[in-house]
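One-based numbering, in listed order, for ligands and for the atoms of each.
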Amino acid sequence: MKILVVNAGSSSLKYQLFDMDEHRVIAKGNCEKIGIGGFVTHKRPGKDDYAAEVTLKDHDDAITLVLKLLTDAELGVIATVDEIDAIGHRVAHGGKLKESTLVSDETLEYLYSIVGINPLHGPPAIKGIEACRKACPNKPMVCVFDTAFHSTMEPVSYIYPLPYEYYEQFGLRRYGFHGTSHRYVAGRVAELVGKPLCELKVITCHLGNGSSITAIKNGKVVDTTMGFTPNEGVPMGTRCGTIDPTIVPYLMKQLNVTPDEMDNILNKKSGLLGVSGVSSDCREVNAAADAGNARAKLAIDQLIHYTKKIIGSYVAEMNGVDAIVFTAGIGENDRKLRQSICTDMDFVGIKMDNERNAECPRGTACDLTAEGSRAKVYVIPTDEEYMIALDTQKIANA
Ligand code: ADP
């Protein structure tokens, strides 16, 4: 069975074609600069990469190009589009939808109805789905939501301490994001520990350009750091994460800025970039900190500080932890940061073996647990696309 996974952003459309029987990616790529020019990269394992400037007016053009490349006599990997059995779409926000869902008119109607609470990621995801529907009208398609895995949270975790009617009127609640990644690495932890997830207490740390941490008890998410939007919790590349909310009206008055301008400050100018003044990229902030830049060091120390704080609170919330896992760009690659986070955590049962941590090759899953640690410590590369392909396969087959 072959599954195409599509991840549509406002000006990009990433794709991966999976051969599920052989458990591998047979082609992947990215259409960029949609609507403002056009550039495509197309990769196949063991073969030369292809990259070209193209004209991409919209997402329809992008998906037409993807299907053309996949079936191209020279660059392709399949003979015809008929070989693709189903298409899985990454959709950031599923609102009330609690699990991956077959695309139908009703699904699309619902996604349109929640654009108000998901203005950034909703419209491009819908465009991606509609473009695929036009290009392949009879192919089964599935939406896999970043929010779905977190739908097991109880009201005590997801209701904000605001007037309750705003939850009812505006759907103002914590949804959580990166759910597909948290679900994937939690499943891998269960395999590595050798126990079912429903018997484990796991903390998954997805630390990347956007970061979120999730507490999973007996297979269910009990808490996660991201909330109504992906700007809650730990500081990120350009997002501030949790701050005193009264700062927002205060700063708006001081700077005389509009709500949109304030939103831009909180989402695009804060976090690692805002504090360091150097970059949103953790590698560049690390390099500046190593070279003696005090604000860069503060930004990194802050990421460590907030992450430790959350892990400690999640251990308290779950009354213990059996395993903690690091994933995503920073979590998978930054050994020093992993070590700093796990230093002086033995009181809550977490001890990392610093040698194992230093020796873990990039891109592989490693057990970093030190002798005497009550909790297992892992680094596991995430694979959201494979998770989407698996859900798509399951639902399309059903
Ligand atoms: P996104 O949220 O865009 O998917 P990623 O998960 O790819 O982000 O993470 C990007 C982040 O990972 C960047 O801040 C980048 O600097 C960081 N990163 C990648 N490699 C390293 C590394 N070797 N050391 C530290 N940080 C790294």
Side-chain angles (χ1 to χ4, degrees), residues 5-16 28-30 32 41 90-93 120-121 124-125 144 146-147 176-185 204-214 224-226 229-241 267-291 293 296-297 299-304 306-307 325-342 357-366 368 379-388:
V5 172
V6 173
N7 182 355
S10 56
S11 66
S12 71
L13 187 142
K14 295 192 189 112
Y15 62 95
Q16 291 198 12
K28 65 176 178 179
N30 191 7
E32 296 169 79
T41 44
R90 181 194 174 197
V91 181
H93 210 312
L120 226 55
H121 300 108
V144 180
D146 281 13
T147 48
F177 294 87
H178 290 145
T180 311
S181 172
H182 291 289
R183 179 158 61 106
Y184 175 77
V185 292
T204 48
C205 305
H206 177 114
L207 305 176
N209 195 27
S211 299
S212 65
I213 306 174
T214 296
T224 190
T225 52
M226 283 181 168
T229 74
N231 193 1
E232 189 181 336
V234 292
M236 309 174 215
T238 58
R239 295 177 221 154
C240 58
N267 276 291
K268 298 274 168 64
K269 295 188 172 168
S270 301
L272 285 179
L273 173 67
V275 174
S276 72
V278 172
S279 170
S280 62
D281 190 296
C282 195
R283 279 167 296 199
E284 289 176 23
V285 183
N286 271 331
D290 291 344
N293 182 321
K297 181 171 183 312
I300 298 290
D301 286 349
Q302 214 166 39
L303 177 54
I304 296 162
Y306 277 85
T307 304
V325 50
F326 292 95
T327 195
I330 301 173
E332 289 168 30
N333 294 300
D334 194 333
R335 301 178 174 104
K336 201 168 143 196
L337 194 113
R338 286 199 302 256
Q339 181 175 328
S340 302
I341 291 168
C342 291
N357 181 46
E359 284 163 8
C360 173
R362 289 211 167 92
T364 55
C366 294
L368 312 176
V379 55
I380 298 174
T382 194
D383 197 345
E384 289 157 288
E385 289 76 14
Y386 181 60
M387 199 81 245
I388 294 171

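- The distance from ligand 1 to the heavy atoms of R362 drops below 4.0 Å at these ligand atoms: 23 (N).
- Of all protein heavy atoms, the one closest to atom 20 (N) of ligand 1 is N333 ND2, 3.5 Å.
- Remark: C240 engages no residue in a disulfide (SG to SG under 2.5 Å) (not counting sequence neighbours).
- If you check each of A287, G329, G331 against atom 7 (O) of ligand 1, the one with the closest non-hydrogen atom is G329.
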message = Let's go through M226 and H206 carefully: what are the C-alpha distance in whole Å and the side-chain angles of both, what is the deciding distance for side chain to side chain contact (heavy atoms under 4.5 Å, CB included) to 0.1 Å, and is it a yes or a no?
response = CA-CA 11 Å; M226 283 181 168; H206 177 114; over 6 Å; no

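- For atom 4 (O) of ligand 1, no protein heavy-atom neighbour is found at a distance under 4.0 Å.
- Between the CD atom in E384 and the OG atom in S181 there is a gap of 4.5 Å [rounded to 0.5 Å].
- Between the side chains of H182 and S212, a donor-acceptor pair is found at a separation under 3.5 Å.
- Closest to atom 1 (P) of ligand 1 among all protein heavy atoms lies N209 CB, 3.6 Å.
- Considering only non-hydrogen protein atoms, atom 13 (C) of ligand 1 sits nearest to C282 N, 4.0 Å.
- Protein heavy atom closest to atom 24 (N) of ligand 1, with residue, atom name and distance, is R283 CG, 3.7 Å.
- Between H206 and ligand 1, a contact under 3.5 Å exists for no N or O pair.
- Regarding atom 17 (C) of ligand 1, its nearest protein heavy-atom neighbour is I330 CG1, 3.6 Å.
- Within ligand 1, counting atoms from 1 as listed, the ones closer than 4.0 Å to a heavy atom of G210 are 2 (O).
- D281 OD1, 2.5 Å is the protein heavy atom nearest to atom 16 (O) of ligand 1.
- Here L207 contributes atom CG and C282 contributes atom SG; the two are 9.0 Å apart, rounded to the nearest 0.5 Å.
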